[in-house]
Amino acid sequence: MKILYFAWLRAKAGLSEETVSLPPGVEDIAGLIEWMRGRGANFAEAFEDPALVRAAVNQDFARPDHPVTDDDEVAFFPPITGGGEGGAGP
Amino acid sequence: MIRLQREAFDAGAEIAALIEGRTDIGAVVSFTGYVRCESGGRAITSMTLEHYPGMTEKKLAAIEAEARERWPLDASLIVHRHGRLAPGEPIVLVVCASSHRDAAFDAARFLIDWLKTKAPFWKLEEGGDGANWVEARRDDDEAAKRWRKD
């Protein structure tokens with residue numbers, strides 16, 4: 001499967017794109033995140049708090065229970081902050 | 001129509017091109033978002049918009065299609081920039097044209113509220129104290145929720 005990373009997840013993981021084989025036992029996004037957390041220090045940091053991680057499967061937003069297969073394009077990113085007038089905070 | 005680009009845009013020229021030769025349009029409403037020089041009390045020197053190529057175009061087109069299904073629009077346009085922008089530069093333009101103003105106002109508001117929470121963009125702000133990824137805003141979620149049908 002193709003995996004893409006965006007924004008601070010990309011910065012923390014240290015790469016923007018890679019191709020991996022579906023790890024044994026992984027069936028959904030939640031499982032893939034759990035597997036990521038065990039891949040090494042940079043991935044452990046990027047996926048430290050799964051509540052901050054959003055995902056897409058084949059370019060549609062996907063919840064943690066969304067299934068994943070070897071043919072999928074999966075993306076991980078923080079909550080989106082597009083459009084509108086720039087600037088953060090209240 | 002949707003467009004994703006690095007270059008700046010001229011909102012007036014975009015509107016003129018969208019309705020050129022049309023005599024059925026009675027109302028045009030547009031919104032332009034700009035990069036501010038300050039963010040939560042912090043001085044900003046640049047904002048970089050990262051996006052998900054492929055998914056971004058798909059989501060912008062879906063958001064526009066949803067607006068055209070909900071309101072009787074005669075023309076519509078979304079222009080969204082990506083890359084590194086300076087304070088004062090335009091980020092996004094939405095334009096809605098209809099025979100009457102109500103549809104144009106409502107659809108324009110809908111487009112900007114929805115694309116803030118449904119199009120895959122992320123903002124990195126740089127200032128004197130370093131770079132900072134912008135966090136999602138709760139009131140953006142609230143603004144988008146107003147348009148939910150369920």
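Side chains are part of it too, since the values below use all heavy atoms of this structure and drop only hydrogens, waters and symmetry mates. Quick note on labels: first sequence line is chain A, next is B, and so on, each numbered from 1.
B:Val79 and B:Leu60 are members of different hydrophobic clusters when ILVMFWY side chains are connected at heavy-atom separations under 4.5 Å. Clustering ILVMFWY residues whenever any of their side-chain heavy atoms sit less than 4.5 angstrom apart, transitively, puts A:Met1 in the very cluster that holds A:Ile33. Grouping the Ile, Leu, Val, Met, Phe, Trp and Tyr side chains by contacts below 4.5 angstrom, directly or via other members, places B:Leu111 apart from B:Ile25.
When every heavy atom of B:Trp133 is checked against every heavy atom of A:Ala7, the shortest pair comes out as CH2-CA, 3.3 Å. Taking both residues in full, the closest heavy atoms of A:Gln59 and B:Pro53 are given as NE2-O, 3.9 Å, listed atom of the first, atom of the second, then distance.
Only the backbone of B:His51 comes within less than 4.5 Å of a heavy atom in chain A; its side chain stays farther off. For a residue to count as touching a neighbouring chain, one of its non-hydrogen atoms must lie under 4.5 Å from one of that chain's; by this rule A:Arg54 does not touch chain B. Using a 4.5 Å cut-off between heavy atoms, A:Leu52 does not touch chain B at all.
At most 12 non-hydrogen atoms from other residues, nucleotides or ligands lie less than 6.0 angstrom from CZ of B:Arg109. Annotation: A:Arg63, atom CZ; neighbour count of heavy atoms from other residues, nucleotides and ligands within 6.0 Å does not exceed 12. Environment of CD in A:Glu27: sparse, with no more than 12 heavy atoms of neighbouring residues, nucleotides or ligands closer than 6.0 Å. In this structure, A:Arg39 places its CZ atom where more than 12 heavy-atom neighbours from other residues, nucleotides or ligands lie under 6.0 Å away.
Under the 3.5 Å distance criterion, the side-chain polar atoms of B:Trp122 are matched with a main-chain donor or acceptor of A:Pro78.
Between the CZ atom in A:Phe61 and the OG1 atom in B:Thr117 there is a gap of 8.5 Å [rounded to 0.5 Å].
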Mind running side-chain contact (heavy atoms from CB on, under 4.5 Å) on B:Phe121 and A:Thr81 for me, showing each step along the way? CA-CA 6 Å; B:Phe121 287 97; A:Thr81 54; 5.9 Å; no
Might you work through the side-chain contact (heavy atoms from CB on, under 4.5 Å) test for B:Glu50 and A:Phe77, ending with a clear yes or no? CA-CA 11 Å; B:Glu50 182 172 329; A:Phe77 42 79; over 6 Å; no
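You'll find the side chain of B:Lys58 reaches within 4.5 Å of the side chain of A:Asp60, heavy atoms only.
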